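Below is one structure, written out as structure tokens; the observations come after it.
Predicted model only: the values in this text are computed from it and were never measured.
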Amino acid sequence: MKDIAILDFGSGKITFAVGINSVDSSFVVKNFASVEYSGYYNGQWVSKDDLQDDVQRAISQSGFDFRQKTLFVVVPSEFTQIKTSGMYSDFGKRREITSSLLMQIHNKAEGIKPGGYTTLCSSAIEYVIDGNRHILDPIGEVGNSIYANMSYVFCKDTFINDVHSIALRLGFKEVKYIDGIWAIGSQLIDKRARINGAVLIDVGYASTTFALVKGDGLKYKKDKPFGIGFMIDGLANALGVDYEVAQDMMSQIILNIECDETSVYQYRIGMRNYECRSKDINKYLHSLISAELVNFVHQCIREVEEAEGMETSVMSQNSLGSINLMTEYYLTGGGLCALRGGPQFFARSIEQELDVLVGNTAGWDKPYYSSLFAAMEIAAKMKKKSTLLEKLFG
């Protein structure tokens, strides 16, 4: 078993970890460090000049010795875009569907790559055999034709160029890239839920992503520059205190309770203690989350419904489900999940049952590590050197 080195760019922290495959998609973590950095905003580094020092700091603090020369990088959603495309193949006769045949189908859509982007992965939302058999895994099936509803994830070349040069300067020989949202959706959400269509909401420090996970791919994705860092900053401005003071107060806040008139949160400035009404703080955060995140989710749902309403061809209609009463909703990331009562308040606000999504490694099963360990699962599969996997994962 080989070590797997993962570098995960969050919107507020860079995390570096080295793990080795254990059992049941679990890992033993050998090296780990997470450091704060300036992050990114709207798909651009806030401080590109400091990026190499930030990455080096994370790797150094982990105690990594560079014996593992391949680095797997988790690409943030703000640096990616997705496209979907339908591919139809008529065999002319009944034949068995093999992995090599599926590779040919994947190759057909390479022309849809946008300029300035590199393909990260291709995956199937669903396959349709002979126009009526909808299936997610067609290998071994027999038919006269196959339609593939494909999803492609592309990464900005600027991100790859920036990170690749840093990785080589630090001593890595090879760099591979994994889309974080796609990894979370495909590895941590149950197949049954993915077939029906699952909503994934990742709220981080300064960025939020809404994605519709379908089959093995992403059918829809949208990003918003908002997270817990914006909540802290807004609270600091409302109270007239420094950011660090408001950040400390966050540990006291419970979002999903009704506060009475006597309940208070405390904060400290210098040597003096201060109090503010819990009811007022919760009301402010409720309003901010509703305005920024709840409205964002509702907007994304409307866009998905409008797009699917325009799909009229038999092949483009996905019989395996859409956003409906059966859709399962998942929340992850280090934003709302870091606030006590945050997931519960958010679920009530969007009027949906909501599961908090975490990785499969005991002791590391926290929502802010979901992309790290989902990507580690993908990296472990890539190391198997399967021909089809190499094509799917780039």
Side-chain angles (χ1 to χ4, degrees), residues 6-17 33-62 71-81 116-118 120 153-170 175 177-181 184 201-211 221-238 241-248 250 288-289 292-293 296 332-339 367-372 375:
I6 300 280
L7 184 64
D8 189 357
F9 289 95
S11 55
K13 291 183 178 181
I14 292 176
T15 302
F16 178 78
S34 189
V35 301
E36 294 183 356
Y37 79 126
S38 55
Y40 48 83
Y41 184 82
N42 274 336
Q44 301 289 333
W45 302 113
V46 173
S47 181
K48 181 179 173 181
D49 292 341
D50 296 329
L51 193 59
Q52 179 169 325
D53 289 340
D54 294 330
V55 172
Q56 188 169 17
R57 188 157 45 96
I59 294 175
S60 177
Q61 289 186 17
S62 76
L71 176 66
F72 292 90
V73 175
V74 184
V75 182
S77 182
E78 287 194 15
F79 292 92
T80 70
Q81 65 169 278
Y117 283 77
T118 294
L120 286 188
V153 181
F154 306 99
C155 176
K156 283 185 177 181
D157 289 340
T158 52
F159 176 91
I160 291 177
N161 294 337
D162 292 341
V163 175
H164 197 81
S165 60
I166 290 172
L168 294 182
R169 285 197 293 268
L170 293 180
V175 187
Y177 300 88
I178 300 171
D179 177 56
I181 291 296
I184 294 171
I201 305 168
D202 185 342
V203 183
Y205 177 79
S207 183
T208 292
T209 300
F210 178 103
K221 180 178 76 70
K222 190 167 187 174
D223 305 306
K224 180 180 178 63
F226 185 85
I228 193 171
F230 287 80
M231 301 179 211
I232 298 171
D233 187 60
L235 184 58
N237 290 332
V241 300
D242 291 340
Y243 181 93
E244 291 74 18
V245 174
Q247 189 175 32
D248 288 341
M250 281 294 198
L288 184 59
I289 292 170
E292 297 292 343
L293 292 183
F296 173 63
T332 195
L336 276 179
C337 294
L339 284 173
Y368 42 86
Y369 294 142
S370 60
S371 60
L372 178 74

Quiz item: What do the steps show when you test V55 against I14 for side-chain contact (heavy atoms from CB on, under 4.5 Å), and what is the final call?
Solution: CA-CA 7 Å; V55 172; I14 292 176; 4.0 Å; yes
Self-check item: Partners meeting side-chain contact (heavy atoms from CB on, under 4.5 Å) with T158 (sequence neighbours left out)
Solution: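 Once residues adjacent in sequence are excluded, the partners of T158 under the side-chain contact (heavy atoms from CB on, under 4.5 Å) criterion are K156.
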Which atom pair, heavy atoms only, marks the closest approach of [X] to [Y]?
X: A58; Y: A33; answer: O-CB, 3.2 Å
X: S370; Y: P367; answer: OG-O, 3.0 Å
X: E78; Y: G43; answer: OE1-N, 2.9 Å
X: S11; Y: G204; answer: OG-C, 4.1 Å
X: C155; Y: V75; answer: SG-CG1, 3.7 Å

Student check: side-chain heavy atoms of [X] and [Y] closer than 4.5 Å:
X: V35; Y: F16; answer: no
X: F72; Y: L7; answer: no
X: Y37; Y: F9; answer: yes
X: L120; Y: F154; answer: no
X: F226; Y: F296; answer: no
X: P76; Y: Y40; answer: yes
X: L336; Y: I228; answer: no

Under a 3.5 Å distance rule, please check whether [X] uses its side chain to pair with a backbone N or O of [Y] as donor and acceptor.
X: T208; Y: V203; answer: no
X: S60; Y: Q56; answer: no
X: Q52; Y: I166; answer: no

Straight-line distance of [X] [atom1] to [Y] [atom2], nearest 0.5 Å:
X: S77; Y: I181; atom1: OG; atom2: CD1; answer: 5.0 Å
X: K13; Y: Y368; atom1: NZ; atom2: OH; answer: 8.0 Å
X: M231; Y: L288; atom1: CE; atom2: CG; answer: 6.5 Å
X: I6; Y: L71; atom1: CD1; atom2: CG; answer: 7.5 Å
X: I178; Y: I184; atom1: CD1; atom2: CD1; answer: 12.0 Å
X: T80; Y: D223; atom1: OG1; atom2: CG; answer: 6.5 Å

Self-check item: Heavy atoms from other residues, nucleotides or ligands near NZ of K224 exceed 12 (cutoff 6.0 Å)
Solution: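 More than 12 within 6.0 Å, yes.
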Self-check item: E36, CD atom: more than 12 neighbouring heavy atoms under 6.0 Å
Solution: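 Result for CD/E36: open.
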Self-check item: Modelled atom types, side-chain donor and acceptor of D202 and T332, under 3.5 Å
Solution: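 Result is no, nothing qualifies.
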Quiz item: Side chains of T15 and S34: is there a donor and an acceptor less than 3.5 Å apart?
Solution: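 Indeed, the side chains of T15 and S34 share at least one donor-acceptor pair under 3.5 Å.
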List the residues meeting side-chain hydrogen bond (donor to acceptor under 3.5 Å, both in side chains) with [X], not counting sequence neighbours, and say none if there are none.
X: D157; result: T118
X: D54; result: R57
X: S47; result: D50

Practice problem: Please find out if less than 6.0 Å separates the ring center of F79 from that of F159. | Solution: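 Aromatic pair counts; centres sit under 6.0 Å.
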Quiz prompt | Test side-chain contact (heavy atoms from CB on, under 4.5 Å) applied to I201 and T209, step by step | solution = CA-CA 6 Å; I201 305 168; T209 300; over 6 Å; no
Quiz item: Given the rule in the side-chain contact (heavy atoms from CB on, under 4.5 Å) test, do Y117 and Q81 qualify, once you have shown the distances and angles that lead to the verdict?
Solution: CA-CA 9 Å; Y117 283 77; Q81 65 169 278; 3.3 Å; yes
Quiz prompt | Listed partners of K222 passing salt bridge (Lys or Arg N to Asp or Glu O under 4.0 Å), at least two apart | solution =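 Only E303 meet the salt bridge (Lys or Arg N to Asp or Glu O under 4.0 Å) criterion with K222.
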Quiz item: What residues form a salt bridge (Lys or Arg N to Asp or Glu O under 4.0 Å) with D233, not counting sequence neighbours?
Solution: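 Checked D233 against salt bridge (Lys or Arg N to Asp or Glu O under 4.0 Å); zero matches.
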